[in-house]
Protein chains: 2
Amino acid sequence: MKKKATIVDIALRLGITPSAVSKALSGNTRISDETRSAVRAMAKELDYQPNIMASALRTGKSGLIGILVPGIQYGFFSTAIKGAEELLSDAGYNVIICQSRDSARHEKKQLEGLMRAKVEGVIASLGMETIDVEFYKALAKEVPLVMFDRVFESESICSVVIDDFIGAVKAVDHLVEMGYQRIAHMGGHSHILAFDRRIRGYKYALAKHNLPVNEDYIYECSPNKDEGVVAMERLFQLPEPPDAILAASDFLALGVVNYAKSHHLNVPEDLGVVGFSNEEFTRHLTPSLTSVDQFSESMGEVAAQLLLDQLSRARKGSSMVVQQRVLVPRLVIRESSFPKKREPVLAA
Amino acid sequence: MKKKATIVDIALRLGITPSAVSKALSGNTRISDETRSAVRAMAKELDYQPNIMASALRTGKSGLIGILVPGIQYGFFSTAIKGAEELLSDAGYNVIICQSRDSARHEKKQLEGLMRAKVEGVIASLGMETIDVEFYKALAKEVPLVMFDRVFESESICSVVIDDFIGAVKAVDHLVEMGYQRIAHMGGHSHILAFDRRIRGYKYALAKHNLPVNEDYIYECSPNKDEGVVAMERLFQLPEPPDAILAASDFLALGVVNYAKSHHLNVPEDLGVVGFSNEEFTRHLTPSLTSVDQFSESMGEVAAQLLLDQLSRARKGSSMVVQQRVLVPRLVIRESSFPKKREPVLAA
DNA sequence: CTGAAAGCGCTAACAT
DNA sequence: ATGTTAGCGCTTTCAG
């Protein structure tokens, strides 16, 4: 492993000083075209690779961005990261990935790790059990921070979310239009803002259609398949079970459909089902699953964009502006909520 | 934003030298317990955070590991990364993620970026169109490299793969046992070792069962849904179309199933289908899809483990040893290859 | 336009 | 057991 060439090597060979080489390579200072090209040529000849750590130490810019998500194995997050990584890497940054594994302890540790690595900015989504967000607030004072999807309420932090309220409203509107009347909501824990907003949108939409809000129809649980089954067992013990389910996650919806299949309930004829996230698998199910699309890839891209804005603003010394983007979700209507035999009924 | 405390600050306040502080904090050199605890206390008081970039520059250790995959949105890769990230981050490394987007140009650029960032090691999986692997070989001379899943033939590079040959054999064994006789293979491009091995396993297994190898039944294409449909169109123009498909990817298999649905072919009665990867969605399909499970999370973990081994070996000055791990895949049998009406036929 | 010099914060010989 | 010294490779005033 031969020694790497440094600017000193190339300066020596050219009979000039390291600082001249530095200027020639970075290009922004005044230097003669002659030396510049000589330096360029020699750099190529020696296969010179700048040592990022040295320049990072000197300038305080590491060229690193941190992304923290609960877990990268979830389609939603990996797709968002894909979007963000592409923009960021095209902008010349390297992206450090961390997983909180939905544990507050881990989350804090990972954020500390990112700060130690001197990332220039952070994109993050809260873990499920995270309630204390002081750590994020402190972090935001050090480097630009953009929260996405699972965010907390704050006026001073950049964020990207979809409008969960509208998402739920669109879903209910659609179900009502399809003729469903007793719509239940199955949701994630309401201390997460996104889930709370979905419930609020659901209630608002019911009211809008003059449908009663039945508290028995609102079931709060973790967003996974098994809980979906459990929720169904509960809901179908009610004297008057629902005729449609709005689930706050596609995995919950999956549990719902499985329960229905094993209990001779036809979806969508006997039971309409709408999920949330438009996960890859929803389109492949039988019946295919109607779902609220969260534009995960765009979400990652927008988060990256906001961060890059902050970064360039900081570089120019401009004051930072808090941007909170709200994407409007799209309802992807598929078989699970579209009973062909039933005539659409207009809202009252 | 107040200035960060450095070891100099804490040395000054304690009336000792920076090097003493450094020793006290790193703990490995001989220093009195007294000063050590004094230093610790002062560090806490000043909220001292070591500057990783400085120590990186000094020691040549960045604490960074690079992971390069074709795309993070694919379940297989994101799950593998999840496994690797957890081990690596527990070992104190930060993980930089890069995507080659299956473009050789990108791949090279990303690897250069990783080298510039002075990563201490790299875990990578080849892009689809990558034929020239010189770049990897050069890289392996600089830092420990572990290839996984999509690897190239080399005796000097650590790798983790599943035994694709056995995977294909298990799939064919199963299909034959279920009574299928005209089994086609639909695969990724054979210059990728994994895909080549699957084809070889397929051929071997057919021979083992005294079934003819029909070259018309071997279709090479990119592993995505649309190609699966195209492949089916080709295969079903043959005078004698296959009665089962072994697809080298679940996405291909998905295309196969979709084609079958739209052409009144019943799966599994008229057509048996087996995929590769055991992607999340396969279990939710109707019919659910039989697939060769590649243990993606374990794969990431093993890759990380091998890399950590190399790293600790390098640190101790031991010579590096090339480890090539081969995981044995598992066939997950589901509905798409299990015709209930058909009596299992024993292999000849 | 280019050179000299002073560090960024930390570590590792070497000396005391 | 602690202090001294000398950089890692690069950038950036400040002179010339």
Side-chain angles (χ1 to χ4, degrees), chain A residues 1-40 42-43 46-64 92 115-118 120 142 315 317, chain B residues 1-40 42-43 46-64 92 115-118 120 142 315 317:
Chain A
M1 208 193 289
K2 66 174 178 300
K3 269 255 291 298
K4 294 251 121 101
T6 74
I7 53 170
V8 180
D9 297 323
I10 115 157
L12 247 39
R13 256 163 246 237
L14 255 36
I16 58 177
T17 63
S19 70
V21 176
S22 173
K23 284 166 197 163
L25 291 171
S26 58
N28 55 347
T29 329
R30 282 83 43 112
I31 194 122
S32 72
D33 289 348
E34 203 178 356
T35 37
R36 183 195 311 285
S37 52
V39 166
R40 291 257 168 85
M42 183 56 73
L46 298 183
D47 188 31
Y48 166 76
Q49 296 287 109
N51 183 330
I52 266 186
M53 295 190 305
S55 92
L57 175 58
R58 187 62 236 255
T59 62
K61 311 246 148 274
S62 65
L64 259 24
M115 292 313 288
R116 257 206 307 276
K118 291 278 184 291
E120 292 182 45
E142 307 283 325
R315 192 166 303 130
Chain B
M1 209 194 287
K2 66 173 181 298
K3 271 254 292 296
K4 295 249 121 102
T6 73
I7 54 170
V8 181
D9 296 323
I10 113 157
L12 245 41
R13 256 163 245 238
L14 255 37
I16 58 176
T17 63
S19 73
V21 177
S22 173
K23 283 168 197 162
L25 291 171
S26 59
N28 55 348
T29 330
R30 284 81 44 111
I31 194 119
S32 73
D33 289 347
E34 205 176 355
T35 39
R36 184 196 310 285
S37 53
V39 166
R40 290 256 168 85
M42 183 55 72
L46 299 183
D47 187 31
Y48 167 76
Q49 296 286 111
N51 182 329
I52 266 186
M53 297 190 303
S55 99
L57 175 58
R58 186 65 239 251
T59 61
K61 312 246 148 272
S62 65
L64 258 25
M115 291 315 287
R116 257 205 306 276
K118 291 278 184 291
E120 292 182 45
E142 307 283 324
R315 192 166 303 132

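Bear in mind that the values here come from a model prediction, so they are computed numbers and not experimental data.
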Can you measure [X] atom [atom1] to [N] atom [atom2] for me and round it to whole angstrom units?
X       : N      : atom1 : atom2 : result
A:Leu46 : D:dG9  : CG    : P     : 14 Å
B:Ile7  : C:dT11 : CD1   : P     : 6 Å
B:Ile10 : D:dG3  : CD1   : P     : 12 Å
A:Ile16 : D:dC10 : CD1   : P     : 13 Å
B:Ile31 : D:dG3  : CD1   : P     : 8 Å

**Request:** Working to the nearest 0.5 Å, report the span between CD of B:Gln49 and OG1 of B:Thr6.
**Result:**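 Those atoms lie 13.0 Å apart.
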
**Prompt:** Any donor-acceptor pair under 3.5 Å joining the side chain of A:Lys23 to the base of C:dG3?
**Reply:** yes

**No-H, no-angle donor-acceptor pair, B:Ser19 side chain to D:dT4 base, under 3.5 Å** = yes

**Message:** Heavy-atom nearest nucleotide on DNA chain D for B:Ala20 versus A:Asn51: which residue maps closer to 5'?
**Reply:**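 Residue closer to the 5' terminus by nearest nucleotide: B:Ala20.
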
**Complete:** Assert: residue with more 5' nearest nucleotide on DNA chain D, out of B:Gly15 and A:Pro50, is B:Gly15

**Asked** For C:dC1, does either OP1 or OP2 sit under 4.0 Å from a side-chain N or O belonging to A:Thr35?
**Response** no

**Message:** Please tell me if A:Thr59 has a side-chain N or O lying less than 4.0 Å from either OP1 or OP2 of D:dC10.
**Reply:**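 Negative; the distance criterion is not met.
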
For [X] and [Y], work out which heavy atoms get closest and say how close.
X       : Y       : result
B:Pro18 : B:Ala11 : N-CB, 3.6 Å
A:Ser62 : B:Met53 : CB-SD, 3.7 Å
B:Lys23 : B:Ile31 : CB-CD1, 4.0 Å
A:Ala5  : A:Asp9  : CA-OD2, 3.2 Å

**Prompt:** Starting at the 5' end of DNA chain C and moving along, which residue's nearest nucleotide shows up first, A:Thr17 or B:Ser55?
**Reply:**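 Taking each residue's closest nucleotide, the earlier one in sequence belongs to A:Thr17.
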
**Which nucleotide in D:dG9, C:dG9, D:dT12 has an atom nearest any side-chain atom of A:Ser22** = D:dT12

**Item:** Listed nucleotide nearest any side-chain atom of B:Arg58, set D:dC10, C:dT11, C:dG9
**Value:**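 My answer, after comparing the listed nucleotides, is C:dT11.
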
